[in-house]
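Computed from a predicted structure; not experimentally measured.
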Amino acid sequence: MSHLPEPPEPTLRLSIDTDALAGNWRVLDRMSGSASAGAAVKADCYGLGVGACVPALRDAGAGLFFVAHWSEVPALLAHVNPAQIAVLHGPLTRAEAEYAAALGVTPVINSQAQARLWLEAGRGAPCHLMIDTGINRLGVSPAELTEPAIAALDVDILLSHLAAADEDSFDNARQLDLFRRCIPAIAHKRVSLANSAGIALGEMFAFDVTRPGLALYGGVPRPELAREIRPVARIEAAILQAKTVSAGEKVGYNGEYTAPSPTRIATVSIGYADGFLRARGPGTALTLGEARLPVIGKVSMDMIVVDCAEAPDCGPGDWLEVPFLLPDAARQSSLSQYELLTTLGRRLGRAPR
């Protein structure tokens, strides 16, 4: 067929409050003091969508955008200049290094092997350099900073990453001290250490550039941010069917819920394929206005069932709001705020509002 009909409206909604997103960036930029806040936009803006989020962050004032994978670069190029993009995983192959050099995207160098690749393929272009001060993920060790391949780099931003900024840990001060001692060892233009939680630790962690991620999208990694950060994502799901089950009837897989009396229930169009994982079932209630509709039984791949005692007249096509205040949802489910965001499925459209 040359002209396919438009698909029907979905039974799931994910709307992005771009004003709240921009406001969160401004808060984090202000809390960064004299440093400039960039934006971590990896994992499709932590699950909320590059197309909806990056223009809002750019227009708010963000000038530096961090992704993890080279495959994430093309989506950003529709919204920002290549020189504003940093790739945290760095080049593993010559092809990746040549790709960065051809586009003008800046790699983060994490090893001597990556440094040698970039010196060969990057033809002297600037890069960023990650120093591992204790998280033991990516990054060169402090002892490697005087190695010829590292010393030969044209380093724009000298980075490290805090391992426990979301906790009141001695490791934060220890990493800060070690990083400060590394800074004079290599020529550079700017310095960066703090992520979202690191910004909340104070301006001593901010240096020249901060790299907020989670808090941009409504996450609260430290209590100092709780009153400052606004929720960004709103999720709604439609009722597919409503009915009354008799006392003693079981609901859902393995019959984990048994109706204690005649119970009005509704089947709702959301499940773990949409990021509503089974861990979110117990204790969660969707809302219809002021009415609370608790989840009963196990979460399925595409559906959940709710108790409609507080909204007995609800029916197919009614929209229920799915709770998505990230700190609350994390406590209720034992999922991290990062997991709650990044597991949102693709059936949820990402619409700015």
Side-chain angles (χ1 to χ4, degrees), residues 8-16 43-44 46-49 214 217-220 231-312 314-351:
E9 289 295 314
T11 53
L12 286 165
R13 297 172 178 165
L14 170 60
S15 52
I16 311 300
D44 200 24
Y46 286 51
L48 297 187
L214 178 67
Y217 310 106
V220 181
V232 171
R234 183 186 186 202
I235 300 172
E236 298 170 285
I239 292 176
L240 300 172
Q241 184 180 29
K243 62 182 179 181
T244 300
V245 296
S246 302
E249 285 197 76
K250 296 180 184 298
V251 175
Y253 284 125
N254 307 116
E256 283 198 355
Y257 175 85
T258 301
S261 59
T263 304
R264 188 71 175 165
I265 66 171
T267 301
V268 184
S269 178
I270 193 170
Y272 54 77
D274 311 300
F276 197 95
L277 306 182
R278 283 192 173 181
R280 292 211 62 196
T284 295
L286 279 58
T287 57
L288 180 61
E290 297 298 316
R292 294 181 74 256
L293 288 74
V295 176
I296 56 176
K298 283 185 176 179
V299 176
S300 302
M301 181 168 177
D302 311 294
M303 294 170 282
I304 59 174
V305 180
V306 296
D307 182 335
C308 303
E310 291 191 16
C314 67
D318 286 340
W319 288 93
L320 306 184
E321 184 158 357
V322 180
F324 208 62
L325 286 174
L326 291 170
D328 293 348
R331 282 189 291 269
Q332 174 270 322
S333 65
S334 297
L335 297 167
S336 75
Q337 296 179 64
Y338 297 89
E339 291 169 307
L340 289 164
L341 282 167
T342 58
T343 56
L344 292 170
R346 299 312 307 171
R347 295 188 296 205
L348 290 148
R350 273 72 171 161

Enquirer: I need the Phe276 CZ to Leu340 CG distance, nearest 0.5 Å.
Expert: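 Output value for this atom pair is 10.0 Å.
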
Enquirer: Using a 3.5 Å cut-off and no angle test, enumerate the donor-acceptor pairs between side-chain atoms of residues 288-306 and protein atoms at least two apart in sequence or in another chain.
Expert:
| unit_1 | atom_1 | unit_2 | atom_2 | d |
| --- | --- | --- | --- | --- |
| Lys298 | NZ | Asn254 | OD1 | 2.6 |
| Asp302 | OD1 | Arg347 | NH1 | 2.9 |
| Asp302 | OD1 | Arg347 | NH2 | 2.9 |

Enquirer: What is the distance from atom CD1 of Ile235 to atom CG of Leu344, rounded to the nearest 0.5 Å?
Expert: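 Nearest 0.5 Å value for the CD1-CG distance: 5.0 Å.
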
Enquirer: What pairs with Tyr217 under ring-ring contact (aromatic ring centres under 6.0 Å, His included), at least two apart in sequence or on another chain?
Expert: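 Per chain and number, Tyr217 pairs via ring-ring contact (aromatic ring centres under 6.0 Å, His included) with Tyr46.
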
Enquirer: Under the rule for side-chain hydrogen bond (donor to acceptor under 3.5 Å, both in side chains), what residues qualify as partners of Asp307, not counting sequence neighbours?
Expert: none

Enquirer: Determine the minimum heavy-atom distance between Pro260 and Thr263, stating which atoms define it.
Expert: CD-OG1, 4.2 Å

Enquirer: Which heavy atom of Ala247 sits nearest a heavy atom of Ser261, and at what distance?
Expert: CB-CA, 3.6 Å

Enquirer: For Ala237, what residues pass the side chain to side chain contact (heavy atoms under 4.5 Å, CB included) criterion, not counting sequence neighbours?
Expert: Leu12, Val268, Ile270, Val322

Enquirer: Which heavy-atom pair separates Ala242 from Cys314 by the least distance, and what is that distance?
Expert: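 That closest heavy-atom pairing would be CB-O, 3.8 Å.
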
Enquirer: Suppose we screen for side chain to side chain contact (heavy atoms under 4.5 Å, CB included). Which residues come up paired with Thr258, at least two apart in sequence or across chains?
Expert: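 Expected list: Lys250.
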
Enquirer: Do any pairs count as a salt bridge (Lys or Arg N to Asp or Glu O under 4.0 Å) and have a residue in residues 239-248, sequence neighbours left out, and if so which ones?
Expert: none

Enquirer: Looking at CZ of Arg280 and CZ of Phe324, how far apart are the two atoms once the value is rounded to the nearest 0.5 Å?
Expert: 6.5 Å

Enquirer: Can you give me the closest heavy-atom contact between Leu48 and Ala233, atom names plus distance?
Expert: CD2-CB, 3.9 Å

Enquirer: For Pro327, give me all partners under side chain to side chain contact (heavy atoms under 4.5 Å, CB included), at least two apart in sequence or on another chain.
Expert: Val220, Arg331, Gln337

Enquirer: I want to check something: taking the side chain as every heavy atom from C-beta on, are Pro323 and Leu286 in contact at a cut-off of under 4.5 Å?
Expert: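 The answer is yes; the side chains approach within 4.5 Å.
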
Enquirer: With side chains defined as the heavy atoms from C-beta onward, is the minimum distance between Glu249 and Ile265 less than 4.5 Å?
Expert: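 Sidechains of Ile265 and Glu249: no contact.
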
Enquirer: Under the rule for side-chain hydrogen bond (donor to acceptor under 3.5 Å, both in side chains), what residues qualify as partners of Thr284, not counting sequence neighbours?
Expert: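 Expected list: Gln332.
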
Enquirer: Just to verify, what does Glu339 make a side chain to side chain contact (heavy atoms under 4.5 Å, CB included) with, not counting sequence neighbours?
Expert: Leu335, Ser336

Enquirer: Measure the CG-CG distance between Leu214 and Leu341 for me, rounded to the nearest 0.5 Å.
Expert: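 Answer for the CG-CG pair, Leu214 versus Leu341, is 6.5 Å.
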
Enquirer: List the residues meeting side-chain hydrogen bond (donor to acceptor under 3.5 Å, both in side chains) with Glu321, not counting sequence neighbours, and say none if there are none.
Expert: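 Once residues adjacent in sequence are excluded, the partners of Glu321 under the side-chain hydrogen bond (donor to acceptor under 3.5 Å, both in side chains) criterion are Arg234.
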
Enquirer: Quick one: list whatever passes side-chain hydrogen bond (donor to acceptor under 3.5 Å, both in side chains) with Ser333, sequence neighbours left out.
Expert: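 side-chain hydrogen bond (donor to acceptor under 3.5 Å, both in side chains) list for Ser333, sorted by chain: empty.
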
Enquirer: What's the shortest heavy-atom distance between Val232 and Gly218, and which atoms?
Expert: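 Closest heavy-atom pair between Val232 and Gly218: CG2-N, 4.0 Å.
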
